[in-house]
Trainee: 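After the structure tokens below, expect a handful of questions from me.
We count residues from 1, following the sequence as given. Please read these numbers as outputs of a predicted model, since none were measured by experiment.
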Amino acid sequence: MREFLEQLIGAVEGGREVCYCRLVETRGSTPQKAGAAMLVFASGAQFGTLGGGCVEAEVKRRALALLPAGRAEVLTFQLDNDYGWDDGLICGGRMQIVVDPLRPHERLDYFKALLGLANTGATEAIAFESRSADEPVPGALLCDAEGNLAAARPESAPAALFERVRAALKPLATRPRPYVERGVSYLPLLPRCRLLIVGGGHVGQALGKLAHELDFAVWVVDDRADAISAERFPQAERRIHGPIGEALRQVEITPSTYCVIVTRGHNHDEEALLRLIDRGAGYLGMIGSQRKIKLIFSDLLNEGVPAASLAKVHAPLGIDIGSQTVPE
């Protein structure tokens, strides 16, 4: 979403026309689900996707037609014989898409606020069905992670709409999926998760690459500077070098932090687990054989770590897929 918003803001501030197309509701089987987004530029180029096929082509055509007037509309598509016959997408579902044309150099307060909340989380509430004469449709409210109003598009959105939206907001801590209530689509932008990799060896390196592709903020810790170099972890946002135990004492751990212990040895794994257990991480896992894990758990029990805390540790890591290679 960050890259998407940067593209949108950069285009408008650079004097280009662009349509912001957001899928706000789906029913039945559809090629994409609510929350999918696409930018359509005056040149016909696009960024993002609504699922491809005939629907996407029709959205582009109608978006380009809306650009001159600058008027937002809600488009409805029934995926039957009218859409998808040629490319096999007769899903039988329905898609509702808000198309919002943006003119060069217009105010972008809403989108800049959304970009600013991308890491901490927010919810877009997009009204796509009119419920009263003074309620703009389509219209959007942006609420931060605490449910406070952060921005509106248009800015004159009525207070009554906000009160209705606030009552229906689901806490972001529950990581809700998009949902619809009374003609309003709620599109959560969930807080970005951090993956803390303890150990910069082959497994840690492969895991960092995969996690980056899934938009985790990757942090890596190791006592060997060359193991966590920029060449080995170009995607890491933080590379923390130092004695593992001491380094982990200083690292902030939040419910959105996923900790994976994959060091080069038994002693380092045990020290890392001791420093991370009961710190409030959303996930804590450690690589190793059943025998190694049993030995480490026994040591930590002797150190006074509660058995209930150890029971929350995911060990061994992963699932049994008959893996052989490091990425597996």
Side-chain angles (χ1 to χ4, degrees), residues 117-121 145-146 172-173 175 190-318 326:
L117 294 171
N119 282 336
T120 56
E146 286 72 45
L172 290 182
R175 302 192 73 81
L190 299 176
R192 193 178 184 208
C193 291
R194 177 192 309 153
L195 181 65
L196 177 65
I197 304 172
V198 187
H202 297 306
V203 174
Q205 184 183 25
L207 185 59
K209 180 180 178 181
L210 294 167
H212 174 69
E213 292 177 356
L214 295 172
D215 200 35
F216 279 84
V218 176
W219 291 16
V220 60
V221 176
D222 204 296
D223 59 343
R224 303 164 296 168
D226 59 336
I228 55 172
S229 65
E231 290 74 24
R232 286 179 56 77
F233 286 89
Q235 72 286 334
E237 296 188 4
R238 284 192 64 185
R239 293 181 291 274
I240 304 167
H241 170 231
I244 288 175
E246 186 58 34
L248 292 177
R249 288 178 189 268
Q250 309 301 321
V251 172
E252 178 192 19
I253 304 295
T254 73
S256 294
T257 304
Y258 289 64
C259 305
V260 176
I261 300 170
V262 287
T263 78
R264 65 187 182 278
H266 176 120
N267 291 336
H268 293 297
D269 285 347
E270 184 171 320
E271 184 177 20
L273 185 56
L274 179 63
R275 300 306 173 200
L276 290 172
I277 205 162
D278 285 337
R279 293 274 301 277
Y283 177 96
L284 175 57
M286 182 178 68
I287 200 170
S289 66
Q290 294 286 0
R291 181 176 181 277
K292 168 185 150 180
I293 292 160
K294 184 177 180 180
L295 290 171
I296 289 177
F297 280 19
S298 178
D299 287 348
L300 294 185
L301 284 170
N302 291 334
E303 291 275 348
V305 174
S309 298
L310 291 170
K312 298 176 184 177
V313 177
H314 296 263
L317 283 172
V326 170

Trainee: Listing request: all salt bridge (charged side-chain N to carboxylate O under 4.0 Å, His left out) pairs with a residue in residues 250-263, at least two apart in sequence or in separate chains.
Mentor: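 Matches after skipping sequence neighbours: R194-E252.
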Trainee: Using side-chain heavy atoms (C-beta onward) and a distance below 4.5 Å, is H241 in contact with I228?
Mentor: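 Yes, their side chains come closer than 4.5 Å.
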Trainee: With S298, which residues qualify under side-chain contact (heavy atoms from CB on, under 4.5 Å), at least two apart?
Mentor: N302
Trainee: Mind listing the side-chain donor-acceptor pairs of residues 195-206 below 3.5 Å, one per line with the distance, residues two or more places apart or on another chain?
Mentor:
| residue | atom | partner | partner atom | Å |
| --- | --- | --- | --- | --- |
| Q205 | OE1 | R232 | NH1 | 3.4 |
| Q205 | NE2 | R232 | O | 3.4 |

Trainee: Using the ring-ring contact (aromatic ring centres under 6.0 Å, His included) criterion, which residues pair with H266? Sequence neighbours excluded.
Mentor: none
Trainee: Tell me which pairs pass ring pair (Phe, Tyr, Trp, His ring centres under 6.0 Å) where either residue lies in residues 272-308, with sequence neighbours left out.
Mentor: Y283-H314
Trainee: Might you point out which heavy atoms bring E237 and A217 nearest each other, and give the distance in Å?
Mentor: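 It is OE1-CB, 3.6 Å.
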Trainee: Provide the closest heavy-atom pair for S309 versus D278 in the form atom of the first, atom of the second, distance.
Mentor: OG-OD2, 2.7 Å
Trainee: Residues in side-chain contact (heavy atoms from CB on, under 4.5 Å) with P255, at least two apart?
Mentor: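 Partners of P255 under the side-chain contact (heavy atoms from CB on, under 4.5 Å) test: none.
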Trainee: Are the side chains of P191 and T254 in contact, using a 4.5 Å heavy-atom criterion?
Mentor: no
Trainee: Heavy atoms, side chains only, cut-off 4.5 Å: are V262 and L317 in contact?
Mentor: yes
Trainee: Could you tabulate the donor-acceptor pairs under 3.5 Å formed by side-chain atoms of residues 268-277, not counting sequence neighbours?
Mentor:
| residue | atom | partner | partner atom | Å |
| --- | --- | --- | --- | --- |
| H268 | NE2 | R264 | NH2 | 3.3 |
| D269 | OD1 | T263 | N | 3.2 |
| D269 | OD1 | T263 | OG1 | 2.5 |
| D269 | OD2 | K292 | NZ | 2.2 |

Trainee: Checking E231 now: which residues fulfil side-chain contact (heavy atoms from CB on, under 4.5 Å) with it, not counting sequence neighbours?
Mentor: S229
Trainee: Listed by chain and number, what are the side-chain contact (heavy atoms from CB on, under 4.5 Å) partners of L301, not counting sequence neighbours?
Mentor: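 Listed in chain order: A307, L310.
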Trainee: Is any side-chain heavy atom of I253 less than 4.5 Å from a side-chain heavy atom of C259?
Mentor: yes
Trainee: Taking all non-hydrogen atoms of both residues, which atom of A211 and which atom of V218 are closest, and how far apart?
Mentor: CB-CG2, 4.0 Å
Trainee: Once ring pair (Phe, Tyr, Trp, His ring centres under 6.0 Å) is applied, what residue pairs with a partner in residues 219-239 remain, sequence neighbours excluded?
Mentor: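 Passing the test, one end in residues 219-239: no pairs.
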Trainee: Considering non-hydrogen atoms only, spot the tightest contact between L248 and V221 and give its length.
Mentor: CD2-CG2, 4.2 Å
Trainee: Once rounded to the nearest 0.5 Å, what's the spacing between atom CG of D215 and atom CG of L190?
Mentor: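 One gets 11.0 Å once the value is rounded to the nearest 0.5 Å.
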Trainee: Once side chain to side chain donor-acceptor pair (under 3.5 Å) is applied, do any residues pair with Q235, and if so which ones, sequence neighbours excluded?
Mentor: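 Not a single residue meets the side chain to side chain donor-acceptor pair (under 3.5 Å) criterion with Q235.
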Trainee: Are side-chain heavy atoms of T257 and C193 found at a separation under 4.5 Å?
Mentor: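 Result no, sub-4.5 Å side-chain heavy-atom pair not found.
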Trainee: Charged N to carboxylate O under 4.0 angstrom, D222 versus R224?
Mentor: yes
Trainee: Test of understanding: with salt bridge (charged side-chain N to carboxylate O under 4.0 Å, His left out), list the residues that count as partners of R279, not counting sequence neighbours.
Mentor: none
